[in-house]
Every structure is written in structure tokens, then in C-alpha cells.
Amino acid sequence: MSSLIGVIVGVILNQISVLIFSRRAERERILMANMSSRLSAYSNIYSALLDYQLYYSQFVDYGNEFIVHEDPKDFAPLSSLEELTRAYNKNEIWIHESSKAKISEVLQLSSYCVNLAIWIKDPNNIDMINEVEKKANSMLKLIEDAKKHIIKVNGLEKLDQHSQKLLK
């Protein structure tokens, strides 16, 4: 009789441990799936930021002959902004609140830049053309800050530091 009770207790304990293990495994699976989606979202947004940065870099540093420049009269960031906005809206659900704030800063200045592009098309506002390089420099700084934030929030700084330690 006591051996039957021992077997029953053993089976019950085994089932409890299997249940605990399966719940833990399910939580880890969900966590990893969400982390994968988050990393993919950040990758898409980072790529859009790089494209946006490339656009604005054409309107700065006019004294440097090694950089391809665009005429400030051709400043028209709307299509580039639409690409960034599309990437952000598609992936917003997956990103951290602090990342949303950083990208919102870029989008806010972008609104002014779109208006600036409209204003400089008017011959009466030709003096506004000098603002293009100033705003492009401001935008490049915000984009760089947002990129650094994305690297940091995804733990890539720590990953790089760890890799450097392994290489030494």
C-alpha cells in the first residue's frame, strides 16, 4: 500500500514539474518571439533613419568637394519623410516609449523642414534658402541621436563591448 502511495505521489510530482516546465518554456517562447519582432521593428526604423540621414546630408557642408550636394532650391524632404513615417507607423507597436520620443523629435523638425521646402519655392522667400543648411544640420543631429538611442536600447553597445573583450 505504501509503495502505491509513493508511486501516486511520484506521478503527481512529476506532472506538477512537467506543468511548471511547460509554462516556463511557453513564457520564454513568447518572450523570444516578441524580442525578435522588436528587433525587426528597430531594424526597419534604423534603416529608414539612415535613408533620411542620407537625404539631409546632401544639403550640408557645401565647402566639402568630396560630398555630393544638392542645390538648396531643390530641397524637398517630403518623400523621404513619408518613407520614415511609414516605417515608424508600421513598427510603432514594438518600440519603447523613449524611442518613440526620439523619433517624434525627428518628425517634429521634419514638419518645419517640409514647410521650409514650400516657402523657398516662392521667389519672395529667396532669403529663406540659407535656412536649408541650418535645418539640415539640426536634422542630422537629431537623426544621429535617434540612431544612437536605438543602438543603446537594443543592447548593441553592451554587445560590442563584450565582443571587444573577447577579441583582446
Side-chain angles (χ1 to χ4, degrees), residues 27-165 167:
R27 279 194 304 256
E28 287 179 17
R29 187 193 64 74
I30 291 169
L31 178 66
M32 293 308 293
N34 285 330
M35 285 298 297
S36 177
S37 295
R38 178 173 267 191
L39 288 174
S40 176
Y42 274 114
S43 177
N44 291 335
I45 292 170
Y46 193 88
S47 177
L49 282 169
L50 286 174
D51 291 343
Y52 205 48
Q53 184 178 38
L54 182 62
Y55 177 79
Y56 275 93
S57 68
Q58 299 174 83
F59 296 97
V60 297
D61 206 12
Y62 284 101
N64 188 340
E65 63 188 51
F66 299 107
I67 298 176
V68 176
H69 294 97
E70 290 290 328
D71 189 332
K73 294 176 188 168
D74 296 331
F75 184 65
L78 184 59
S79 63
S80 296
L81 172 60
E82 287 173 342
E83 290 176 29
L84 175 61
T85 303
R86 195 172 15 261
Y88 175 71
N89 289 339
K90 181 180 174 187
N91 296 291
E92 179 186 14
I93 190 169
W94 296 108
I95 63 174
H96 193 272
E97 291 299 320
S98 62
S99 301
K100 290 177 185 178
K102 287 287 185 185
I103 295 167
S104 289
E105 290 176 14
V106 171
L107 296 176
Q108 286 172 0
L109 182 57
S110 296
S111 295
Y112 177 83
C113 290
V114 168
N115 288 333
L116 177 61
I118 294 168
W119 294 331
I120 63 174
K121 300 298 183 220
D122 183 349
N124 295 328
N125 294 330
I126 198 68
D127 57 326
M128 295 291 289
I129 206 88
N130 297 329
E131 286 292 307
V132 171
E133 187 172 8
K134 292 176 189 172
K135 291 304 173 188
N137 276 318
S138 297
M139 181 61 74
L140 289 170
K141 182 183 179 316
L142 285 178
I143 292 169
E144 194 60 36
D145 288 347
K147 287 173 31 190
K148 286 179 182 176
H149 174 78
I150 288 172
I151 289 169
K152 184 176 181 179
V153 80
N154 282 291
L156 297 175
E157 278 182 345
K158 290 183 180 180
L159 180 64
D160 286 344
Q161 291 169 357
H162 182 69
S163 296
Q164 288 300 322
K165 288 179 184 175
L167 294 173

Margin query: To the nearest 0.5 Å, what is the distance between CD1 on Ile143 and OG on Ser138?
Written below: 11.0 Å
Notebook entry, point to check: Under a 4.0 Å N-O cut-off, is there an ion pair linking Glu131 with Lys134?
Noted result: yes
Next item on the list: Give a yes or no on whether the backbone of Ser36 and the side-chain of Ser40 come within a donor-acceptor separation of less than 3.5 Å.
Entry: no
Item checked: CG on Leu84 to CD on Gln53, rounded to 0.5 Å -> 11.5 Å
Notebook entry, point to check: Do Asn91 and Tyr42 come close enough that some side-chain heavy atom pair is under 4.5 Å?
Noted result: no
Checklist line | Note, Lys141 side chain near Asp145 side chain (heavy atom, < 4.5 Å) | finding: yes
Next item on the list: For the residue pair Glu92 and Ile45, establish whether any side-chain heavy-atom pair is separated by less than 4.5 Å.
Entry: no
Next item on the list: Tell me, yes or no, whether the heavy-atom count around Lys73 atom NZ, taken from other residues, nucleotides or ligands under 6.0 Å, exceeds 12.
Entry: no
Checklist line | Ser104 OG to Leu142 CG distance, which is reported to the nearest 0.5 Å | finding: 11.5 Å
Next item on the list: Look up atom CE in Met139 and atom CG in Leu109, then write down how far apart they are to the nearest 0.5 Å.
Entry: 3.5 Å
Item checked: Close side-chain approach of Glu82 to Leu78, heavy-atom, < 4.5 Å -> yes
Next item on the list: Report yes if the side chains of Leu54 and Ser57 come closer than 4.5 Å at any heavy-atom pair, otherwise no.
Entry: yes
Check: Is the closest side-chain heavy-atom distance between Leu107 and Leu81 below 4.5 Å?
Finding: yes
Next item on the list: Quick one: sort the Phe59 and Tyr55 rings into parallel, tilted or perpendicular, breaks at 30° and 60°.
Entry: tilted
Item checked: Lys100, NZ: over 12 other non-hydrogen atoms inside 6.0 angstrom -> yes
Note to self: Please confirm whether the ring centroid of Phe75 lies under 6.0 Å from the ring centroid of Trp119.
What the structure shows: no
Note to self: Counting C-beta onward and ignoring hydrogens, is there a side-chain heavy-atom pair between Glu133 and Pro72 closer than 4.5 Å?
What the structure shows: no
